[in-house]
Amino acid sequence: QQQQQQQNAVVWRPGVDAMEEGEELDYDSRAYLCFHRMKVEWPCLSFDLIPDNLGLYRKKFPHTMYVAAGTQAADKGQNKIMLLKLSDLHKTKYDDDPSDEEHSDSDADDLDDEPILEQQSINHVGAINRLRVMPQAPNIIATWADTGKVNIFNAKDQIAMLSGPIGRAPNNASKPIFQFGGHPEEGFAMDWSRLTPGRMLTGDCSKHIYLWEHNQGSWAVNTMPFTGHQASVEDLQWSPSERNVFASCSVDKTVRIWDARVKAKSMLFVAAHKDDVNVLSWNRKAQHLLVSGSDDGSFKIWDLRSFKSSQPAANFKWHSAPVTSVEWHPHEESVLAVSSDDDTISIWDLALEDDPEAKTDGAAIPKELQIPPQLLFVHQGQQHIKELHFHPQITGMLVSSALNGINVFKPANT
């Protein structure tokens, strides 16, 4: 019966095939080394991964990870920062067919157990537009609220409760240790510096960018904003190698490169897309590469050594709806992931090229069925995907947040 079901299964092609009434998507577990779906109390459309001391480049199952997520509750008074511990994340590749001869006994040892989700929380005033964990101090969490305020919280107690033996939960009514209300409007853009501890940028819907500096246990925000964008600032990224250089993108369709010591204008800019530019990611391994994603469904690769509007290093129009998140792989310089409002996540390896010799004679393949050689994997099943992150310590593991919950997955071919 199971073999018959597999034979009757049909590959559904996003953007090509329509869903009939009563049909639903299912997945083939052989496509994933690991795939877990989790629902939380309220949608958490922005989240970040909390660095841990469990080791780098982890590959052995089962895995454990820590996540900080910000809610968008129906009642503003119910919002919170959720601190999650996800443990017993086992291999799921053979869940559909545990008798498959290809997997070994050691693989079988990694199956069957359900993942464990533990949670602590901190009450938060207003829905959370964006949340970021400070890289050098994972207990420090910054949030952009829809109230127009930017908050910094110390989640040390909550994280300690998740990491240690179960005991009395800390008070979840913790107040921010710092708050800035100087933005003219609410915003979404936010990034911590990886080179200068405590340094942060925030950008708002009124085109302003502010610089935060850590000073004697607190923060000082320079109230003179960076000026140059003509519309909402959607995303910010510090350079991974130059401590005074950062990038921004905007509804004005541009991507700009700034010197943090110069407020009056950006150093460089390109007219990046034909529509709003929503997201950015700066490659930490190949530090001359930047990727931008737009409302027009495209994402472009920019080589900062030749930064010109008409000359992106690569331009991909695969997604059929706005791009909502982009991120380079933390350890593989040519690999990146892209999420879209078409309810898919695509994973790409830009080092791959088309092989003309592999093409067969015969009728041409319709354009809608052509697959770019750089496309490695397409993940589906979430609704309104808003953010994704590669786990920096678990090799190849991705986490994504959407209206219907959080997915944790590792494709079998990456």
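The structure displayed is predicted, hence computed values, not measured ones. All heavy atoms count here, side chains included; hydrogens, waters and symmetry mates do not.
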When you look at Thr92 and Ser29, which way does the side chain to side chain donor-acceptor pair (under 3.5 Å) test go after all the steps?
CA-CA 7 Å; Thr92 59; Ser29 68; over 6 Å; no
Does Trp258 form a ring-ring contact (aromatic ring centres under 6.0 Å, His included) with Phe226? I'd like the steps, not just the answer.
CA-CA 9 Å; Trp258 304 77; Phe226 294 88; 5.7 Å; yes
Can a donor-acceptor pair be found, under 3.5 Å and without considering hydrogens, that links the side chain of Asn151 to the backbone of Gln179?
no
Just how far is it from atom NZ of Lys39 to atom CD1 of Ile406, taken to the nearest 0.5 Å?
12.5 Å
Sub-3.5 Å donor-acceptor pair from the side chain of Lys410 to the main-chain atoms of Tyr32, do we have one?
no
Over all heavy atoms of both residues, which pair between Val323 and Gly293 is shortest? Give the atoms and the distance, please.
CG1-CA, 3.8 Å
Would you say Trp328's side chain and Ser281's backbone share a donor-acceptor pair under 3.5 angstrom?
yes
Output every pair passing side-chain hydrogen bond (donor to acceptor under 3.5 Å, both in side chains) with a member in residues 215-226, not counting sequence neighbours, ordered by first then second residue.
Asn222-Lys263
Looking only at heavy atoms, what is the nearest atom pair of Ser401 and Gln382, with distance?
C-NE2, 4.1 Å
Electrostatic pair Asp295-Lys274, nearest N-O below 4.0 angstrom:
no
Starting from the C-alpha separation in whole Å, work towards a yes-or-no answer on side chain to side chain donor-acceptor pair (under 3.5 Å) for His379 and Ser400.
CA-CA 10 Å; His379 175 71; Ser400 57; 4.7 Å; no
Judged by atom type as modelled, is there a donor-acceptor pair below 3.5 Å linking the side chain of Ser294 to the main-chain atoms of Asp296?
yes
Quick check: do Ser298 and His273 have side-chain heavy atoms less than 4.5 Å from each other?
yes
For the residue pair Phe153 and His124, is the inter-centroid distance of their aromatic rings smaller than 6.0 Å?
yes
Assess, by modelled atom type and distance only, whether the side chains of Asn79 and Thr71 contain a donor and an acceptor separated by less than 3.5 Å.
yes
Among residues at least two apart in sequence or on other chains, which ones pass side chain to side chain donor-acceptor pair (under 3.5 Å) with Thr202?
His183, Trp212
Using side chain to side chain contact (heavy atoms under 4.5 Å, CB included), reason through Ile81 and Ile128 one step at a time and then give a plain yes or no.
CA-CA 8 Å; Ile81 298 171; Ile128 297 173; 3.9 Å; yes
Less than 4.0 angstrom from a charged side-chain N to a carboxylate O is my criterion; do Lys149 and Glu186 meet it?
no
Side-chain contact, heavy-atom cut-off 4.5 Å: Val399 with Asn407?
no
Any cation-pi pair here, Arg256 with Phe269, using under 6.0 Å and within 45°?
yes
Are the side chain of Gln136 and the backbone of Ser193 linked by a donor-acceptor contact shorter than 3.5 Å?
yes
When you compare the side chain of Asn413 with that of Leu376, does any pair of heavy atoms fall below 4.5 Å?
yes
Heavy atoms, side chains only, cut-off 4.5 Å: are Gln158 and Ile122 in contact?
yes
Any side-chain heavy-atom pair of His36 and Cys34 under 4.5 Å:
yes
Hey, are Asp146 and Asn129 close enough side-chain-wise for a donor-acceptor pair under 3.5 Å?
no
Checking the side chain of Ser340 only, and the main-chain atoms of Ala321 only, is there a donor and an acceptor separated by less than 3.5 Å?
yes
Are His389 and Phe47, when compared by the centres of their aromatic rings, separated by less than 6.0 Å?
yes
Could you please spell out the steps behind the side chain to side chain contact (heavy atoms under 4.5 Å, CB included) verdict for Leu290 and Asp303?
CA-CA 7 Å; Leu290 193 72; Asp303 188 332; over 6 Å; no
Chi angles and distances behind the salt bridge (charged side-chain N to carboxylate O under 4.0 Å, His left out) call for Asp191, Arg130:
CA-CA 10 Å; Asp191 196 36; Arg130 190 65 54 88; over 6 Å; no
Whether the side chain of Arg199 engages the backbone of Arg243 through a donor-acceptor N/O pair (distance < 3.5 Å, no angle test) should be reported.
yes
What are the two closest heavy atoms between Glu185 and Cys205, and how far apart are they?
OE1-CB, 3.8 Å
Can you confirm if the aromatic rings of Phe61 and His63 lie within a centre distance of less than 6.0 Å?
yes
Any idea which heavy atoms bring Thr64 and Lys85 closest together, and the distance?
CG2-CE, 4.0 Å
Give a yes or no on whether a salt bridge exists between Arg58 and Asp52, defined as a side-chain N under 4.0 angstrom from a carboxylate O.
yes
Ring centroid separation for Phe299 and Trp348, is it under 6.0 angstrom?
yes
Walk me through whether Arg132 and Glu387 qualify under salt bridge (charged side-chain N to carboxylate O under 4.0 Å, His left out).
CA-CA 12 Å; Arg132 290 293 179 260; Glu387 204 160 278; 3.1 Å; yes
Separation between NZ of Lys59 and CG of Leu33, rounded to the nearest 0.5 Å:
11.0 Å
Are side-chain heavy atoms of Leu131 and Ser46 found at a separation under 4.5 Å?
yes
Can you give me the closest heavy-atom contact between Tyr210 and Asp204, atom names plus distance?
CE1-OD2, 4.0 Å
Looking at Val326, Asn283, Val279, Leu280, which hits side-chain contact (heavy atoms from CB on, under 4.5 Å) with Val291?
Val326
Could you tell me if Glu234 and Ser232 have a donor-acceptor pair between their side chains, going purely by distance under 3.5 Å?
yes
Shortest non-hydrogen contact between Val133 and Asp48, atoms and distance:
N-OD2, 2.9 Å
Main chain of Ala247, side chain of Trp282: is a donor-acceptor contact present, judged purely on distance under 3.5 Å?
no
Show your working on salt bridge (charged side-chain N to carboxylate O under 4.0 Å, His left out) between Asp252 and Lys207 and close with a plain yes or no.
CA-CA 9 Å; Asp252 66 15; Lys207 75 187 181 183; over 6 Å; no
Do Gln374 and Glu353 make a side-chain contact, defined as non-hydrogen atoms from C-beta onward lying under 4.5 Å apart?
no
Derivation and outcome, salt bridge (charged side-chain N to carboxylate O under 4.0 Å, His left out), residues Arg284 and Glu333
CA-CA 8 Å; Arg284 296 182 206 166; Glu333 66 180 42; over 6 Å; no
Identify which one of Phe246, Trp302, Phe307 satisfies the side-chain contact (heavy atoms from CB on, under 4.5 Å) criterion when paired with Ile257.
Phe307
State, yes or no, whether a side-chain contact exists between Pro138 and Pro51 at a heavy-atom distance under 4.5 Å.
yes
Aromatic ring pairing His331/His329, orientation class (parallel under 30°, perpendicular over 60°, tilted between)
perpendicular
For His208 and Thr227, does a side-chain donor sit closer than 3.5 Å to a side-chain acceptor?
no
Evaluate side chain to side chain contact (heavy atoms under 4.5 Å, CB included) for Leu350 paired with Ile301, printing each intermediate quantity in order.
CA-CA 10 Å; Leu350 304 184; Ile301 313 300; 3.7 Å; yes
